[in-house]
Amino acid sequence: MMAKYEMTDLGLLHHFLGMGVVQTESSIFLYQKKYASTLLSKFGLTECKSVTTPLVATKKLAKNDGSGAANEEQYRSIVGSLLYLTATRPDIMYASSLLARFMHCPTNRHYGTAKRVLRYIRGTLDYGLEYVKGKSPILIGYCDSDKGGSVGDCKSTSGYAFSFGSGVFSWASVKQNCVALSTAEAEYISVAEATTQAIWLRFVLEDFGELQTEATPLHCDNISAIAITKNPVFHQKTKHIDRRYHFIKDALQEGVINLEYCPTNEQLADIFTKSLAKDRFNYLRGMLGVKSSQDLKGSVEL
């Protein structure tokens, strides 16, 4: 590069667009500690008491909860900041996307929940994503869905995550566009959305010289959804499903994806579809590759 362009070698990358980078002999660690600290200072929570999970597992948010109107500008500022923080913190992806559904006319309960997420950030400031070297460059996907978890419109939430070697590098938590009539249908729609992402990621990896010669494993924890995908016949229970979701049958036949069953307790995408209890949340967070800088091999200071 220096032979062709006028440029200066500044050594290893340490910061990029508010994102910190730590490169060790065995891994690369991405974090946003400085940005997260700025958020806490901006919203007056620098000395707040931290919590262990971003959301309370037993509580759900509704559009009209009778708690009174909150400051809309302040609420949007918090949610927008949290969404940017998800670049290296997939563990707050579901909480951030859930709060984003109430940008218009947020209530005090919504605002309190947003502040709880910041309190969770307060206790995990030095957390980030670790990518370990030496792993096989194989694209692996996980997809999941809840069943009618959205209070008010009864729509489900789809979640998916993709890893390439170690640690996830692509993830999402999105409310589905239609109301699913069963758990299998909700999971089927989630598989379709994950399949579109898998196809795009395969194109991107091919451009990088990492051609995926084998079908991409896509893990789903619902046997009925897998059966619907592999059944070429459209029967009474599936004829009402939007046709655009059925393209996964073609992707399966063409060898683009390979839908595999995954036990629910090993489903990584579960963290993107619902609020979880502490032990379950911590387990899946670790499986995603999110960890504290203090847990990295060697002495690392952020």
Min side-chain heavy-atom separation Phe164-Lys135 under 4.5 Å: no
Glu206/Arg202 ion pair, N-O < 4.0 Å: no
Sub-4.5 Å side-chain heavy-atom contact between Leu85 and Tyr35: yes
Distance, nearest 0.5 Å, that separates OG of Ser293 from CG of Asp126: 4.0 Å
Check: Val56 and Val51 side chains under 4.5 Å, non-hydrogen atoms: no
Step-by-step side-chain contact (heavy atoms from CB on, under 4.5 Å) determination, Leu17 to Tyr84: CA-CA 11 Å; Leu17 295 177; Tyr84 185 74; 4.0 Å; yes
Test salt bridge (Lys or Arg N to Asp or Glu O under 4.0 Å) applied to Glu187 - qualifying residues, sequence neighbours left out: none
Heavy-atom pair of closest approach, residues Ala180 and Gln176: CB-OE1, 4.4 Å
Exam field: side chain Ser182 to backbone Glu185, donor-acceptor pair closer than 3.5 Å: yes
SG-CZ distance between Cys48 and Arg119, expressed to the nearest 0.5 angstrom: 6.5 Å
Pair Arg89-Ser96, side-chain hydrogen bond (donor to acceptor under 3.5 Å, both in side chains): steps then yes or no: CA-CA 11 Å; Arg89 297 293 301 271; Ser96 301; over 6 Å; no
Mutual orientation of the aromatic rings belonging to Tyr111 and Tyr75 [parallel < 30°, tilted 30-60°, perpendicular > 60°]: tilted
side-chain hydrogen bond (donor to acceptor under 3.5 Å, both in side chains) evaluation trace for Gln267 with Asn265: CA-CA 6 Å; Gln267 178 56 267; Asn265 59 348; over 6 Å; no
Thr53 side, atom OG1; Lys278 side, atom NZ - distance, nearest 0.5 Å: 9.0 Å
Whether over 12 other heavy atoms sit under 6.0 Å from Lys115 NZ: no
Heavy-atom closest pair, residues Lys133 and Thr24: NZ-O, 3.3 Å
Min side-chain heavy-atom separation Asp65-His110 under 4.5 Å: yes
Stepwise side-chain contact (heavy atoms from CB on, under 4.5 Å) test for Val21 and His14: CA-CA 5 Å; Val21 182; His14 294 288; 5.8 Å; no
Interatomic spacing from NZ in Lys34 to CG in Leu39 - rounded to 0.5 Å: 13.0 Å
Heavy-atom closest pair, residues Glu266 and Tyr142: O-CE2, 4.1 Å
Main-chain N/O of Arg109 paired with Ser67 side-chain donor or acceptor, under 3.5 Å: yes
Ser173 (side chain) donor-acceptor with Phe272 (main chain) under 3.5 angstrom: yes
Closest heavy-atom pair and its distance - Val168, Leu129: O-CD1, 3.9 Å
Hphob cluster co-occupancy, Met2 + Leu12, side-chain heavy atoms under 4.5 angstrom: no
Check: Val132 main-chain N/O paired with Ser166 side-chain donor or acceptor under 3.5 Å: yes
Separation of Leu139 CG from Ser163 OG (nearest 0.5 Å): 7.0 Å
same_hphob_cluster(Leu98, Val179) at 4.5 Å side-chain heavy-atom cutoff: no
Under 3.5 Å: donor-acceptor pair, side chain of Lys155, backbone of Asn177: yes
Side chains of Thr273 and Tyr94 in contact at under 4.5 Å (non-hydrogen atoms): no
Contact check, side chains of Tyr131 and Phe29, non-hydrogen atoms, under 4.5 Å: no
Non-neighbouring partners of Phe281 that pass ring-ring contact (aromatic ring centres under 6.0 Å, His included), sequence neighbours left out: Tyr120
Ser41 side chain vs Thr38 backbone, donor-acceptor pair below 3.5 Å: no
CA sep, side-chain torsions, deciding dist, call: Leu61, Val151, side-chain contact (heavy atoms from CB on, under 4.5 Å): CA-CA 7 Å; Leu61 297 181; Val151 179; over 6 Å; no
Ser150 and Asp153: CA distance, side-chain angles, deciding distance, side-chain hydrogen bond (donor to acceptor under 3.5 Å, both in side chains) verdict: CA-CA 6 Å; Ser150 179; Asp153 55 13; 2.7 Å; yes
Partner of Arg76 by side-chain hydrogen bond (donor to acceptor under 3.5 Å, both in side chains), out of Gln74, Glu73, Glu72: Glu72
ILVMFWY cluster, Phe203 and Phe169 together (side-chain gap under 4.5 Å): yes
Hydrophobic cluster identity match, Leu211 and Val204, side-chain contacts under 4.5 Å: no
In one Ile/Leu/Val/Met/Phe/Trp/Tyr side-chain cluster, 4.5 Å: Val174, Leu288: no
Within 6.0 Å of NZ in Lys63, more than 12 heavy atoms from elsewhere: no
Lys274 side chain vs Thr157 backbone, donor-acceptor pair below 3.5 Å: no
Test item: Tyr31 side-chain N/O and Leu125 main-chain N/O as donor-acceptor pair under 3.5 Å: no
From CD1 (Ile140) to OG1 (Thr216), nearest 0.5 Å: 9.5 Å
Val22 vs Ile28, side-chain contact (heavy atoms from CB on, under 4.5 Å): CA-CA, chis, key distance, verdict: CA-CA 6 Å; Val22 174; Ile28 295 178; over 6 Å; no
Any donor-acceptor pair under 3.5 Å from Asp221 side chain to Cys262 backbone: no
Ser158 side chain reached by Lys175 side chain, heavy atoms, under 4.5 Å: no
Short side-chain to backbone donor-acceptor contact, His219 and Leu259, under 3.5 Å: no
Salt bridge (Lys or Arg N to Asp or Glu O under 4.0 Å) involving Asp9 - partner list, sequence neighbours excluded: none
Electrostatic pair Asp270:Arg280 at N-O distance under 4.0 angstrom: yes
Minimum side-chain heavy-atom gap Leu296-Lys291 below 4.5 Å: yes
Distance-minimising heavy-atom pair for Ser170 and Gln197: OG-NE2, 2.8 Å
For the student: nearest non-hydrogen atoms of Gly159 and Ala269, plus distance: O-CB, 3.5 Å
